[in-house]
Every structure is written in C-alpha cells, then in structure tokens.
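Below is one structure, written out as structure tokens, with a few remarks after it.
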Amino acid sequence: GINAEYMGNADVEKLTKDQLLEMANYKHPPEVIPIVVSAALILLGSKPSSVKEWNLCRPKIKMPLLQKIAKYDPTKPGKKAKYIRAKKNIKGLTVEAVQSRGSIPAALFFEWAHVSIQLRYAADVQRRRHKHGISEFQDGVERPATAEEDDKEDEDDGDEEEPGEEETDPSAAEEA
C-alpha cells in the first residue's frame with residue numbers, strides 16, 4: 001500500500017498559531033488564498049457551499065484544523081466528489097504561484113491539498129487493480145501494465161508515453 005504518513009503534513013504542522021491567525025485575519029486576502037483554503041477545507045469534509053466565500057472559511061482557520069490535517073488519510077476509501085471538487089478548485093496553481101501571490105501558509109495548505117489529491121488518485125488506482133486481479137508483479141517480477149490497463153487507470157494524466165513511443169526526432173514532437 002501507500003504510506004499515508006508522508007503527505008507533506010510535516011510542513012503544514014509547522015505553521016504557527018500566529019501564521020494561522022494572520023491568514024484568518026485577512027479581510028480581503030489575495031484571490032489565491034480563499035481558493036486554496038477552501039480546497040483544503042473541502043478535503044477535510046466541509047461542504048463546498050459552506051466554504052465558497054472567504055468570510056465562511058475564516059472561522060475554520062484555527063489550530064484544530066492543523067490537527068485534522070495531521071490525522072487525515074487521503075488513501076482511505078470514501079466519497080470521491082470532494083477530491084474532484086478540490087482538484088478543480090486548485091487546478092492550474094503551483095506552490096510557487098500560491099506563495100508569491102498569497103502567502104507561505106497558503107502555499108503549505110496548497111501543497112497538502114495537492115499531495116492529498118495525488119495520494120487519493122494513486123490509492124484508487126491500486127484498489128481498482130486489486131479488485132480486478134491486476135497484479136503489478138507476476139512471479140515476483142514487476143510487469144508493466146498493458147496499454148488497456150494504462151488507458152483505464154491514467155485517462156486524465158496524458159503526460160506519459162507508452163514504451164516504444166518515445167520521440168527521438170525533435171521535429172516530430174513539434175508536428176504532434
């Protein structure tokens with residue numbers, strides 16, 4: 001299985017009460033902060049409608065939130081909708097962008113949410129493979145997933161090429 005202990009939590013847990021308070025006290029924060037905080041709150045179980053506005057998020061930014069983050073395991077089976085919603089919220093953002101346009105605490109919330117979403121996706125893939133009897137190892141030897149398995153499991157990632165399809169001619173890549 002996946003080791004859920006490593007989720008970037010250590011960084012979020014290092015946030016101080018003062019940093020959280022500073023973030024919660026923003027009356028009109030940079031646009032990126034409410035986006036990231038609401039995504040984290042959605043992952044932790046808040047209904048999207050209950051965190052759609054900053055004034056609804058602010059009261060939830062307290063030290064117990066960090067304890068919830070520390071105990072959170074995104075690899076556990078459960079409703080997928082919150083992951084889809086949170087992923088949609090933070091789509092296109094990077095840690096660097098959140099830090100430069102927001103704050104370091106917001107960047108840590110972003111990183112935690114992003115890693116949690118990735119871990120959930122990986123755990124779902126493993127559960128589906130297990131359910132369908134697809135083993136990544138046969139006779140103790142790792143075997144690559146078939147193209148059909150890859151299509152089913154990685155339909156939205158699109159950034160990996162199939163073995164043997166690596167572009168060797170740079171001009172061929174430009175035509176694609």
Could you tell me the separation between the [atom1] atom of [X] and the [atom2] atom of [Y], rounded to the nearest 0.5 Å?
X: Ile35; Y: Lys91; atom1: CD1; atom2: NZ; value: 14.0 Å
X: Tyr83; Y: Leu119; atom1: OH; atom2: CG; value: 9.0 Å
X: Leu108; Y: Met23; atom1: CG; atom2: CE; value: 9.0 Å
X: Ile69; Y: Leu41; atom1: CD1; atom2: CG; value: 8.0 Å
X: Lys80; Y: Lys87; atom1: NZ; atom2: NZ; value: 9.5 Å
X: Lys82; Y: Ile42; atom1: NZ; atom2: CD1; value: 10.5 Å

Is the side chain of [X] donor-acceptor paired with the backbone N or O of [Y] at a distance under 3.5 Å, no angle test?
X: Ser116; Y: Trp112; answer: yes
X: Tyr72; Y: Leu43; answer: yes
X: Ser38; Y: Pro34; answer: yes
X: Gln19; Y: Thr16; answer: yes
X: Arg127; Y: Thr75; answer: yes

Using side-chain heavy atoms (C-beta onward) and a distance below 4.5 Å, is Arg101 in contact with Leu93?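 They are in contact (side-chain heavy atoms under 4.5 Å apart), so the answer is yes.
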With the side chain counted from C-beta on, respond yes when Tyr121 and Val125 share a heavy-atom pair under 4.5 Å apart, and no when they do not. yes
Hey, any chance Val95 and Phe109 share a hydrophobic cluster, counting ILVMFWY side chains that come within less than 4.5 Å of each other, even indirectly?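 As far as the 4.5 Å side-chain criterion goes, Phe109 and Val95 are connected within one cluster.
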Under 4.5 Å between side-chain heavy atoms, hopping through other hydrophobics if needed: is there a path connecting Tyr26 to Met63? yes
Out of Arg58, Lys60, Glu53, which one pairs with Leu56 under the side-chain contact (heavy atoms from CB on, under 4.5 Å) rule?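 Single side-chain contact (heavy atoms from CB on, under 4.5 Å) partner of Leu56 among Arg58, Lys60, Glu53: Glu53.
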Quick one: do Phe110 and Val32 satisfy side chain to side chain contact (heavy atoms under 4.5 Å, CB included)? Show the steps, please. CA-CA 10 Å; Phe110 168 81; Val32 73; over 6 Å; no
With the threshold set at 4.0 Å, does a side-chain nitrogen-carboxylate oxygen contact exist between Lys76 and Asp73? no
So with a 6.0 Å cut-off around CD1 of Ile104, is the heavy-atom count from everything else above 12?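 No, CD1 of Ile104 has 12 or fewer neighbouring heavy atoms, counting only those of other groups under 6.0 Å.
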Heavy atoms only: give me the nearest Ser103-Ile33 pair and the separation to one decimal.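 So the minimum-distance heavy-atom pair works out to OG-CD1, 4.0 Å.
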